[in-house]
Amino acid sequence: MTWKHPSSPVTKKFKVQRSAAKMMATVFWDAKGVIILDILPQGQCINAARYCSTLDRLKEAIRRKRPGLLRRGVVLQHDNATPHSANLTQQWLQRYGWEILPHPAHSPDLASSDFHLFGPLKRHLGGMAFETEDDLISELRNWFDNLDVDFFRVGINSLLSRWQKCIDLHGDYVEK
């Protein structure tokens, strides 16, 4: 209820629409493209067990899509989120001998997905509405599948220069 003068115009009520539900996508990619796109079912949260399960699927996808990479050695970059730094995850990574690139806390400027992948994805999806989760997932897969391999190569290659800038700036934020 609101207090108003008797001669005030009638308050307009706006049609209420269901707000957009959020989904979490984990994308593992290299200089050749997306290796795996893992969508967390709505209402679930990521924890170490779920992340290790995703790493299991990643390992199988690498075996299929990048033959020989598992033998040469996997170098993984992820941030310091709790599921990534949990003991269960660290044990999984040690068991398979995967190397982890160091990642300073709160440094999206040094995370390839943050500075190279998610910005263009957000611009692509901006203004779109999806009837179902499957429609969104289909659009995500389509967008990733249609990216040129040079897009991924540039993203991976720019990581080295960003690290160097961070070192040169004594750990300060790297804008571009």
Side-chain angles (χ1 to χ4, degrees), residues 20-40 45-46 50-70 72-86 89-90 92-93 96 98-130 133 135-176:
K22 291 190 177 189
M23 295 177 65
M24 183 174 150
T26 302
V27 184
F28 290 96
W29 56 287
D30 64 6
K32 295 178 181 178
V34 172
I35 300 171
I36 186 173
L37 170 64
D38 184 56
I39 307 293
L40 189 66
C45 61
I46 189 91
R50 169 66 191 206
Y51 190 64
C52 288
S53 174
T54 300
L55 291 175
D56 285 332
R57 287 192 299 282
L58 173 62
K59 187 167 66 85
E60 289 309 310
I62 291 171
R63 188 181 321 281
R64 283 190 326 276
K65 295 181 177 184
R66 307 291 189 269
L69 180 60
L70 291 174
R72 289 189 307 273
V74 173
V75 179
L76 182 68
Q77 181 190 23
H78 58 200
D79 59 21
N80 300 319
T82 303
H84 304 162
S85 58
T89 303
Q90 295 306 308
W92 191 101
L93 295 166
Y96 294 108
W98 289 16
E99 181 183 347
I100 303 301
L101 291 177
H103 185 82
H106 312 295
S107 298
D109 50 332
L110 296 178
S112 306
S113 293
D114 289 340
F115 72 74
H116 188 73
L117 190 68
F118 293 142
L121 176 59
K122 284 174 72 174
R123 285 190 292 279
H124 173 74
L125 294 176
M128 291 186 182
F130 300 95
E133 287 180 21
D135 291 343
L136 171 58
I137 292 168
S138 176
E139 183 61 31
L140 286 173
R141 291 188 193 288
N142 185 47
W143 186 76
F144 285 122
D145 289 346
N146 286 309
L147 287 174
D148 188 75
V149 70
D150 285 339
F151 175 84
F152 297 101
R153 185 184 45 75
V154 167
I156 295 297
N157 290 342
S158 66
L159 184 58
L160 182 61
S161 64
R162 284 176 164 270
W163 277 23
Q164 188 59 54
K165 283 181 186 178
C166 184
I167 291 167
D168 295 345
L169 294 170
H170 306 288
D172 282 348
Y173 188 79
V174 177
E175 290 294 325
K176 296 222 181 230

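Between Leu140 and Leu125, some side-chain heavy-atom pair lies under the 4.5 Å cut-off. Side-chain contact check for Ile137 versus Met23: some heavy-atom pair is nearer than 4.5 Å. Side chains of Leu101 and Leu159 form a contact here, defined as non-hydrogen atoms less than 4.5 Å apart. The closest side-chain heavy-atom distance from Arg57 to Thr26 is not below 4.5 Å. In this structure, Pro120 and Trp143 have side chains that are in contact, with non-hydrogen atoms separated by less than 4.5 Å. Put simply, the side chain of His116 reaches to within 4.5 Å of the side chain of Trp29, judged on heavy atoms. When side chains are defined from C-beta on, Leu70 does not count as touching Tyr96, because their heavy atoms never get closer than 4.5 Å.
Between atom CG of residue Leu147 and atom CG of residue Leu121 there is a gap of 9.0 Å, rounded to the nearest 0.5 Å. Residue Leu93 holds its CG atom at 6.0 Å from CG of Leu55, rounded to the nearest 0.5 Å. Going from atom CD1 of Ile62 over to atom CD1 of Ile36 covers 9.0 Å, rounded to the nearest 0.5 Å. Between Leu76 atom CG and Thr89 atom OG1 the span is 10.5 Å, to the nearest 0.5 Å.
By the side chain to side chain donor-acceptor pair (under 3.5 Å) test, Asp30 is found to be paired with Arg66, residues two or more places apart in sequence or in another chain being considered. Residues that satisfy the side chain to side chain donor-acceptor pair (under 3.5 Å) test with Asn142, not counting sequence neighbours, are Asn146.
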task: List the steps, then state whether side chain to side chain contact (heavy atoms under 4.5 Å, CB included) holds for Leu40 with Thr54.
output: CA-CA 10 Å; Leu40 189 66; Thr54 300; over 6 Å; no
Salt bridge (charged side-chain N to carboxylate O under 4.0 Å, His left out) between Lys59 and Asp56, intermediate numbers included: CA-CA 5 Å; Lys59 187 167 66 85; Asp56 285 332; 5.5 Å; no
task: Give the C-alpha distance, both sets of side-chain angles, the deciding distance and a yes or no for salt bridge (charged side-chain N to carboxylate O under 4.0 Å, His left out) between Arg63 and Glu60.
output: CA-CA 5 Å; Arg63 188 181 321 281; Glu60 289 309 310; 3.4 Å; yes
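Counting heavy-atom neighbours within 6.0 Å of Lys65 NZ, excluding the residue itself, gives a total above 12.
Asp168 and Lys165 are not joined by a salt bridge, as no carboxylate oxygen comes within less than 4.0 angstrom of a charged side-chain nitrogen.
Side-chain contact check for Ser53 and Arg50: no donor-acceptor pair (N or O, by modelled atom type) lies under 3.5 Å.
Heavy-atom minimum distance, Ile39 versus Ala25: CD1-CB, 3.7 Å. Of all non-hydrogen atoms in Ala31 and Phe152, the two that sit nearest each other are O-CB, 3.7 Å.
Counting only distance, with no hydrogens or angles, the side chain of Ser158 and the backbone of Val154 share a donor-acceptor pair below 3.5 Å.
Screening residues 120-129 for side-chain hydrogen bond (donor to acceptor under 3.5 Å, both in side chains), with sequence neighbours left out, gives His124-Glu139.
The ring pair (Phe, Tyr, Trp, His ring centres under 6.0 Å) with His84 is formed by just one residue from the set Trp98, Tyr51, Trp92; it is Tyr51.
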